Structures are given as structure tokens and as C-alpha cells.
Amino acid sequence: MTGSGSAWLAGYNGLALNIAGATYPIASVDSPTRLTLVEPYPGKTASQLTYFLLPITNENYDLAKKVLGLITATGQLANSTVLNGPKGDPGNPGVGISTAYIDQTTSHLMVRKTNGELIDAGVAVGPPGQFIDLIIQCFADDGIVAVGSKVAALRAPRALKLTGIRASLFAASQGAGEAGGVRLDVKLRGKTILSQPIVIPQGSTTSAVVGATQPYPTITDIPDDAELIVDVLAPGVNAQGLRVTFTGNYA
């Protein structure tokens, strides 16, 4: 700050500047017409301001000097290599992903890495006509098959065209004769979609038994998000882990 016609005592310590009721500690009186504040003046640049120079008690002045010295030393330490250390090489950033896109011909997710390598990540969205297998787990592998309606259900992930349905067990039924096998039905909107119930004969873990007449879907067009449910009509004897597999294509 610059004084106009002032006669400040250079080198005098322990003062504060008061302008409009606000007080600002003085770091040094540099000349009769110039002084330096501890912190930059926060107000707007102006001239002809009325001011007072106020003395600070020795205790407060000594404390202010210590605090100011501590602030200065802390700033010097923060900028030193003691805390920050010398800067080194950034090192190898490694390989990342540059771009990813769906190939419109194959519907595969293609990922290009930053090193130029192109990876085929497989089918992202099945195109119409693509072959599918969908499996419902009706009972856990150690779960005994039991008679019931809607023992399991599957929501179509998109519109489907079914070509076949078969069933399997984790452990075969131990019953005798046809009555000892597992028999089930598959329904859409409460109606069967099979030409006849699926049967897994006693002693077998699959319905795809050589020489047996296999049921086929009588309703093949399954709408998107339609619910397919499984009913167990006959549980067999101690059969375990029933699953139903749907084969077909995306519509």
C-alpha cells in the first residue's frame, strides 16, 4: 500500500491497518510512504481512503509472526522434494480398449485394443435365424422330481421359432415300467405346445431315447417375453435334477 503525504516509520513492527472498520495485519513498513500487508488487500483498488494504523500488543504480534513463519515453512516443505520426490518416467501405460462395435454381418462384438489387435468377443445379439438352445432347470441336481403345475418357467429373450423340446435328469427314475418314468408337459398361455407329453423312461436320464416316438412343438412361434411353463405330470421314483431344453431359432 502506498501513502500520500504519509510519514510512516520504516521498519516499525507490530501494526495493523484499519480501513472502514476492517483490520489488516501489516507485515512490514518499507518506507515513510509504503507498507506491505500480511495478506493481499481483498478490496478493490482505490485512492484517498481514510485509514488508521493500530498497534498490536507484543504477545499478539509475536504469535502472528510465528504463524506467518509456520505458513511460509509449510509452503516451502510442500514444494520440496522431501515430500514430493523427483519426477520419474511415467512408465508403460499398458494395453487398453480403443474401440468396440457390433459387426452387422455376424452380430459379433468386435473389440480393438490400443495395440491394434482385433478380438472377436462372440455373439452379442442373435440375428434372425440364428440357432439357439434354452435350458430350464426345474429341480436342483439333488432335488427329487415331484408332480406340480409350473414347476419352472422361462421368459423368451426375444421372438423365437421352436424346432424341438427334450428333457433330461441328473439321476434316473428307479421305478418299474412306464409308470416309473418321468412325464411332463410344456405350456404357453395355459395351453400345451406339444404333440404329446415328454417322457423320460425309467432308468434313463434323457427323453431322447433311440426308437421312442419323440414329441414335437405344435406351436412353434413364441412371442418376445412370452412365458413358457413346465408341468410335471408323473415324477417317477426318486428321479433327480429335471431340466428341459428348447431348440430353435431367433425369429
Side-chain angles (χ1 to χ4, degrees), residues 102-109 120-251:
I102 302 295
D103 186 284
Q104 297 301 312
T105 302
T106 64
S107 295
H108 283 206
L109 173 63
D120 185 340
V123 175
V125 179
Q130 179 182 306
F131 185 78
I132 57 159
D133 283 327
L134 300 175
I135 302 175
I136 301 179
Q137 181 171 343
C138 305
F139 295 89
D141 288 347
D142 59 352
I144 302 298
V145 178
V147 171
S149 298
K150 197 176 180 180
V151 297
L154 171 70
R155 287 280 182 181
R158 57 179 292 178
L160 308 174
K161 183 174 288 292
L162 296 183
T163 57
I165 302 176
R166 62 176 61 179
S168 63
L169 294 169
F170 179 75
S173 170
Q174 301 305 309
E178 184 179 352
V182 174
R183 186 159 43 91
L184 57 94
D185 192 14
V186 177
K187 295 179 179 178
L188 173 68
R189 300 192 181 102
K191 296 182 178 180
T192 183
I193 65 170
L194 296 173
S195 59
Q196 64 186 49
I198 298 174
V199 175
I200 306 177
Q202 177 270 335
S204 176
T205 56
T206 177
S207 63
V209 178
V210 177
T213 302
Q214 300 299 319
Y216 57 88
T218 55
I219 298 176
T220 58
D221 294 322
I222 309 299
D224 180 26
D225 200 44
E227 185 180 51
L228 295 163
I229 66 171
V230 176
D231 293 345
V232 173
L233 308 177
V237 179
N238 293 326
Q240 293 178 290
L242 176 64
R243 288 175 172 82
V244 177
T245 300
F246 298 84
T247 59
N249 305 86
Y250 287 123

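Scope of the values below: all heavy atoms of this structure, side chains included, with no hydrogens, waters or symmetry mates. All residue numbers refer to positions in the sequence shown, counting from 1. The structure displayed is predicted, hence computed values, not measured ones.
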Requested in this report: Before giving the answer on side-chain contact (heavy atoms from CB on, under 4.5 Å), spell out for Phe139 and Ile144 the whole-Å C-alpha distance, their side-chain angles and the decisive distance to 0.1 Å.
Outcome: CA-CA 7 Å; Phe139 295 89; Ile144 302 298; over 6 Å; no
**Report entry** Main-chain N/O of Ala172 paired to Gln174 side chain as donor or acceptor, under 3.5 Å
**Finding:**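 At least one qualifying donor-acceptor pair exists.
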Report task. Please list, chain by chain and in numerical order, all residues satisfying side-chain contact (heavy atoms from CB on, under 4.5 Å) with Ala171, sequence neighbours excluded. Result ->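 So Ala171 forms a side-chain contact (heavy atoms from CB on, under 4.5 Å) with Gln240.
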Query raised in the report: Excluding sequence neighbours, so at least two apart, what forms salt bridge (charged side-chain N to carboxylate O under 4.0 Å, His left out) with Asp224?
Result: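 Asp224: no salt bridge (charged side-chain N to carboxylate O under 4.0 Å, His left out) contacts found.
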Under a 4.5 Å cut-off applied to non-hydrogen side-chain atoms, are [X] and [Y] in contact?
{"X": "Asn249", "Y": "Ile132", "value": "no"}
{"X": "Pro215", "Y": "Ile165", "value": "no"}
{"X": "Val186", "Y": "Phe246", "value": "yes"}
{"X": "Asp141", "Y": "Arg243", "value": "yes"}

Query - Residue list, side chain to side chain donor-acceptor pair (under 3.5 Å) with Thr247, at least two apart or on another chain - result: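 By the side chain to side chain donor-acceptor pair (under 3.5 Å) rule, Thr247 matches Thr163.
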Requested in this report: Please identify each residue that fulfils side chain to side chain donor-acceptor pair (under 3.5 Å) with Ser195, with sequence neighbours left out.
Outcome: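 With neighbours one apart ignored, the set is empty.
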Query - Lys/Arg N to Asp/Glu carboxylate O, Arg166 vs Asp133, below 4.0 Å - result: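 A salt bridge is absent here (no side-chain N lies under 4.0 Å from a carboxylate O).
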Would you give me the side-chain donor-acceptor pairs under 3.5 Å for residues 227-239, sequence neighbours excluded?
from: Glu227; atom 1: OE2; to: Lys150; atom 2: NZ; distance (Å): 3.2
from: Asp231; atom 1: OD1; to: Lys150; atom 2: N; distance (Å): 2.7
from: Asp231; atom 1: OD2; to: Lys187; atom 2: NZ; distance (Å): 3.0

Query raised in the report: Going by the side-chain hydrogen bond (donor to acceptor under 3.5 Å, both in side chains) test, which pairs reach into residues 203-223, not counting sequence neighbours?
Result: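 Every side-chain hydrogen bond (donor to acceptor under 3.5 Å, both in side chains) pair that includes a residue of residues 203-223, provided the two are not neighbours, is Lys161-Asp221.
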